[in-house]
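All heavy atoms count here, side chains included; hydrogens, waters and symmetry mates do not.
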Amino acid sequence: MKYKFFDYLPQEAKDIRIEVFVNEQKFENEFDDIDDIAYHLIIWEGEKAIANARLYRDEDEKNSYIIGRLAVLKEYRKCHIGTKLMNLLEEKVKALSGEKINLSA
């Protein structure tokens with residue numbers, strides 16, 4: 001399993017979010033301006049992108065970050081991928097000298 005952070009919204013993350021949020025959960029307005037300022041994390045199993053999340057600075061609280069748009073493809077749920085996402089996001093916040101994380105869900 002491999003992962004990577006991006007400072008733009010890659011197509012693989014768009015595809016996962018469309019599958020999970022639009023197709024499964026029937027969200028209509030999945031993408032927003034926050035995507036332009038966020039870090040985007042993708043996890044791959046082999047060559048297949050299977051999960052993603054985004055992370056961005058909270059403008060209202062100093063040294064605080066917001067995590068959101070966590071999505072795991074249906075066939076990979078119950079495999080602890082969400083835990084892996086959260087651990088990687090927490091490490092990234094620490095690397096950015098963040099002190100607090102809020103979850104947007």
_Are Val20 and Leu103 linked, directly or through intermediate hydrophobic residues, by side-chain heavy-atom contacts shorter than 4.5 Å (ILVMFWY only)?_
yes
Hits for side chain to side chain contact (heavy atoms under 4.5 Å, CB included) against Asp36, two or more places apart or cross-chain, chain-then-number order -> Asp33
What pairs of donor and acceptor atoms, side-chain ones from residues 38-55 against any protein atom, are under 3.5 angstrom apart with sequence neighbours left out?
residue : atom : partner : partner atom : Å
His40   : NE2  : Asp35   : O            : 3.0
Lys48   : NZ   : Glu75   : OE2          : 2.8
Arg54   : NH1  : Asp32   : OD1          : 2.9
Arg54   : NH1  : Asp35   : OD1          : 2.8
Arg54   : NH2  : Asp32   : OD2          : 3.2

Is there a path of hydrophobic side-chain contacts, each under 4.5 Å between heavy atoms, that joins Ile81 and Ile18?
no
Atom pairs and distances, side-chain donor-acceptor, residues 89-97, under 3.5 Å, sequence neighbours left out:
none

Hits for salt bridge (Lys or Arg N to Asp or Glu O under 4.0 Å) against Glu30, two or more places apart or cross-chain, chain-then-number order -> Arg17, Arg69
>> Can you tell whether the side chains of Glu61 and Lys100 come within less than 4.0 Å, N to carboxylate O?
In response: yes
ring-ring contact (aromatic ring centres under 6.0 Å, His included) filter on Phe27, not counting sequence neighbours, yields Phe21
Validation: residues 2-14 side-chain donor-acceptor distances under 3.5 Å, sequence neighbours left out:
residue : atom : partner : partner atom : Å
Gln11   : NE2  : Asp15   : OD1          : 2.7

Do Met86 and Met1 share a hydrophobic cluster, counting only Ile, Leu, Val, Met, Phe, Trp and Tyr and linking them when any side-chain heavy atoms are less than 4.5 Å apart? yes
So CD1 of Ile66 and CD1 of Ile101: to nearest 0.5 Å the spacing works out to 11.5 Å
Of all heavy-atom pairs linking Leu85 and Ala71, the shortest is CD1-O, 4.3 Å
